[in-house]
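Okay, so here's the structure we're looking at.
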Amino acid sequence: MEGRASVNRALLQPWAKPLVWLLCALPLAWLFVRAAGDQLGANPAEALIHATGIWTIRWLWLTLAISPMRDVFGLPALLRHRRALGVTAFIYGLLHFLAYAWLDKGLVLDDIVRDVLKRNFILVGLLALILMTPLALTSFNRAIKALGGKRWQALHRLVYVVAVLGLLHFYWKKSAKNDVAEVLVYAVILAVLLGWRVARRRQKKVNTD
Amino acid sequence: LPGARSAVPGAIAMEKLTAYQDITTYNNFYEFGTGKDDPAENAHTLRPRPWTLSVEGEVGKPLTLGLDDLLKLAAMEERIYRLRCVEGWSMVIPWVGYSLSNLIKRAEPTSRAKYVEFVTLADPKQMPGVRSGVLDWPYVEGLRIDEAMHPLTLLAFGLYGEVLPNQNGAPLRLVVPWKYGFKSAKSIVKIRLVEKEPVSSWTKANRGEYGFYSNVNPKVDHPRWSQASERRIGEGGLFSPRKATLMFNGYEAQVGQLYAGMDLKKFY
């Protein structure tokens, strides 16, 4: 009980937000350091594309984990930090696409368009990124006010679609080589995160009936 | 493991060699894990000696040979081959070995030997990845008999003048330079001459994506990877453009006639 209260207090400190942003930037900083030092292995382009992609999924899953963790651990202050995680997921996703478009396709628009249309897994990934864009763009307090809480919330339910598309993108990519063990781990976590929401809804309904 | 410079036409690519470090740390060898760095990390458990290879099936003289006999079977040659992976990357590798035809001829194939099937080791005690269900083990690959007898088709025992490192398919592997890398089976224990086209492990896993021939062909796209271009490992910086992929990986002059009249879009 005592511990929980102090964690909550810490999460509310003025330095908590910058600290979260710093943590969000760490994987990227580490990638930069390794890229600059030629430490990304034999195929650094592939390593960068893969790392930014997997981190997009990790940040997105963490964003979705905030509500369940808040309730399960009794930490309401966690909610203050969800925005940073969501925006971070979008930034990593954007970098993932940029790394692909630049390092793999040399920023040749023709090639990118042809590749995206031909390969379902890239199309699905791009769709997820496109759907994330309005969420990132309306992540400011003023946007919430302008939209009104209800509409803002409805719009931000898109995050569930984004997560499923992101997982599908990851699965399709990995299934080419039958290498789906890692995808399964993320699928199970997402199932728990979404399942918890369904269960909570049912419970609320029962309580109000 | 020294080898004399090969005199086989096309056997010496005049290109910059890929670094030994890259060749031996960036591998697809699922018997040791699906990550590119897994084989280098896990393959130390493979015991390349003692090793026996059998040649059987539609042959007049079935053979079972130990590694020392295999090493002495023909003169070792150095061959500098381009290697093109279906994932869109490539290397230039100095292999040591001899033409597979030397071995197959000794077994005296019968007239019914139309194809050659390669079966590789699948020992869970030596290969941790075999416990996973990623592929139907053992790893099986196949060639048409004329492809197998082509002088460029190499039975390799070494690279960079040294004995093959475990992660590269010790103690002996196939190298078919005009086909995608997965056709070149590693750590082979059995070679069977057969009448019917063998079903390879990758074809079994995903028939729509991995055909029997799997010749490098920039005009036949794979659903996951564009085959029009490739990234040469270790060359240029992060932002240097990819190279155009060549028909039959640049070995068209040597092997093109094997496929005369075939629709390569259908027989991919």
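Note that the structure is predicted; figures quoted are calculated from it, not measured. Numbers restart at 1 for each chain; the letters A, B, ... are given by sequence-line order, proteins then strands.
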Practice task
Heavy-atom distances under 4.5 Å only: say whether L107(A) touches chain B with side chain, backbone, both or neither.
Solution key: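 Neither; nothing under 4.5 Å.
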
Problem - Which atoms of D111(A) approach chain B - backbone, side chain, both or neither, heavy atom under 4.5 Å - result: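 No part of it gets close to chain B.
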
For the residue pair [X] and [Y], what are the closest heavy atoms and their distance?
X: K105(A); Y: S226(B); result: NZ-CB, 4.2 Å
X: D22(B); Y: A42(A); result: OD1-CB, 3.6 Å
X: A205(B); Y: N178(A); result: CB-ND2, 3.3 Å
X: L238(B); Y: L103(A); result: O-CD2, 3.5 Å

Between [X] and chain A, which part of the residue has a heavy atom less than 4.5 Å away: side chain, backbone, both or neither?
X: W225(B); answer: both
X: N28(B); answer: side chain
X: E87(B); answer: side chain

Please indicate whether [X] has more than 12 foreign heavy atoms, meaning atoms of other residues, nucleotides or ligands, lying under 6.0 Å from its [atom1].
X: R80(A); atom1: CZ; result: yes
X: Y20(B); atom1: OH; result: yes
X: W102(A); atom1: CH2; result: no
X: W30(A); atom1: CH2; result: no
X: D263(B); atom1: CG; result: yes
X: R197(A); atom1: CZ; result: yes

Handout entry: Among the listed options L48(A), L40(A), D104(A), the residue most often paired with chain B at heavy-atom distances under 4.5 Å
Key =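 Heavy-atom pairs under 4.5 Å are most numerous for D104(A).
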
Problem - NZ on K36(B) to NE2 on H50(A), rounded to 0.5 Å - result: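 Result: 10.0 Å between the selected atoms.
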
Practice task
Kindly determine whether K177(A) and F182(B) satisfy side chain to side chain contact (heavy atoms under 4.5 Å, CB included), including the steps that lead there.
Solution key: CA-CA 11 Å; K177(A) 299 279 256 167; F182(B) 63 87; 5.6 Å; no

Exercise for the section: Output yes when D221(B) and R114(A) qualify as a salt bridge under the 4.0 Å nitrogen-oxygen rule, no when they do not. Expected result: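 No, this pair does not count.
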
Practice task
In plain terms, say whether R231(B) and E46(A) are close enough for a salt bridge, that is, a side-chain N and a carboxylate O under 4.0 Å apart.
Solution key: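 A salt bridge is absent here (no side-chain N lies under 4.0 Å from a carboxylate O).
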
Handout entry: Check: G106(A) main-chain N/O paired with R242(B) side-chain donor or acceptor under 3.5 Å
Key =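 Pair absent, no side-chain N/O of R242(B) close to backbone of G106(A).
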
